[in-house]
2 protein chains.
Amino acid sequence: MGKIKKTSTNYENRQILDAECEEVYAANLIGGRWTIAICCYLAGGKLRFSELRRRMPNITERMLTLHLRKMEANRLVKRTVYAEVPPRVEYELTDIGEQLVPILDMLKKWGTKHKETIQ
Amino acid sequence: MGKIKKTSTNYENRQILDAECEEVYAANLIGGRWTIAICCYLAGGKLRFSELRRRMPNITERMLTLHLRKMEANRLVKRTVYAEVPPRVEYELTDIGEQLVPILDMLKKWGTKHKETIQ
DNA sequence: TATGGTACAGACAAAAATGTAAGTATGGGG
DNA sequence: CCCCATACTTACATTTTTGTCTGTACCATA
């Protein structure tokens with residue numbers, strides 16, 4: 001989420017997988033501890049920064065900011081700033097972000113089944 | 001993939017999300033740089049350790065081992081050891097692992113569409 | 001003048017993931 | 001006895017991600 005070193009094997013390997021495997025490309029977009037949770041909350045409609053924070057009591061402001069910025073860069077969310085004081089910033093899923101929701105739903109069902117299966 | 005510190009905030013946060021969000025639970029199962037790629041190759045049928053390695057020239061033996069072990073622990077793959085010399089070990093998807101394949105396929109389609117969308 | 005709320009940014013630290021390099025066991029073939 | 005192949009393991013180093021803490025701008029209200 002911070003700086004990446006473009007000469008590392010790690011970075012190189014990620015690029016290679018990213019390029020040759022669309023599943024990995026997609027997975028990298030929703031990677032990060034809080035990304036999917038944020039998607040789930042935004043699936044219910046647009047939310048302010050502070051509202052997201054309230055829904056995820058354990059995330060820090062820094063982590064929320066970093067994740068939202070990454071998601072914005074990846075075009076999963078749209079960020080709207082209102083010129084008010086105190087500031088108001090709203091986040092919502094983009095079209096392509098919305099299209100992820102049913103997949104997350106399948107993942108959810110699979111996860112539930114997996115939990116049952118392994119015990 | 002190595003040791004985890006069970007007293008860390010990081011660990012605690014993961015547990016919390018894991019418990020309250022099945023999507024995150026599922027995503028954690030397929031997390032890790034090489035996990036999805038391994039699933040994709042195993043979707044075509046069982047493969048030996050060395051065959052997997054040949055299909056992923058950039059993975060190291062250590063990383064392949066670690067990922068396969070994690071996937072085995074998570075019941076995504078089944079590991080079969082043959083008492084031969086030199087050793088032969090085969091890996092294949094479990095039932096629940098197979099059920100992940102169509103979801104990865106949706107993820108792939110979404111990834112392709114995302115790539116088109118963002119340019 | 002002091003305080004409060006919102007949505008951040010920056011420096012730093014800790015933890016986790018990934019990668020590098022070397023070594024292991026086994027038995028068969030030369 | 002030496003080397004080969006396979007499927008690992010171990011110690012260590014590097015990179016990346018995550019978390020802690022402090023500070024900031026803005027204007028309104030007390």
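Lettering of chains follows the sequences in order, A, B, ..., and the numbering in each one begins at 1.
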Under 4.0 Å between a Lys/Arg side-chain N and an Asp/Glu carboxylate O for A/E90 and A/K78? no
Tell me who clusters with A/I4, hydrophobic residues only, linked when side chains sit under 4.5 Å apart either directly or through other members. A/Y11
Separation of C/dA17 C1' from A/I4 CD1 (nearest whole Å): 15 Å
If you take any heavy atom closer than 4.0 Å to DNA chain D, which residues from residues 58-92 of chain A end up in contact? A/T60, A/R62, A/M63, A/H67, A/V85
Do the non-hydrogen side-chain atoms of B/L68 and B/Y91 ever get within less than 4.5 Å of each other? yes
Start and end of chain A contact along DNA chain D [non-hydrogen atoms, under 4.0 Å]: D/dT15 to D/dC27
Give a yes or no on this: more than 12 heavy atoms of other residues, nucleotides or ligands lie within 6.0 Å of atom NZ of B/K70. yes
Using heavy atoms and a sub-4.0 Å distance, could you list which residues of residues 5-30 of chain B are near DNA chain C? By number, please. B/K5, B/S8, B/N10, B/Y11, B/R14
So B/E92 and B/L47, side chain to side chain contact (heavy atoms under 4.5 Å, CB included) or not? Walk me through it. CA-CA 7 Å; B/E92 61 190 310; B/L47 288 174; over 6 Å; no
Sequence-distant partners of B/Y25, ring-ring contact (aromatic ring centres under 6.0 Å, His included), two or more places apart: A/H114
Going by distance alone, is a donor N or O of one side chain under 3.5 Å from an acceptor N or O of the other, for B/Y41 and B/R55? no
B/R62 meets the side chain to side chain contact (heavy atoms under 4.5 Å, CB included) criterion, sequence neighbours left out, with B/T60, B/L66
More than 12 non-hydrogen atoms from neighbouring residues, nucleotides or ligands closer than 6.0 Å to CZ on A/R75, yes or no? no
Residues B/E22, A/K109: salt bridge by 4.0 Å N-O rule: no
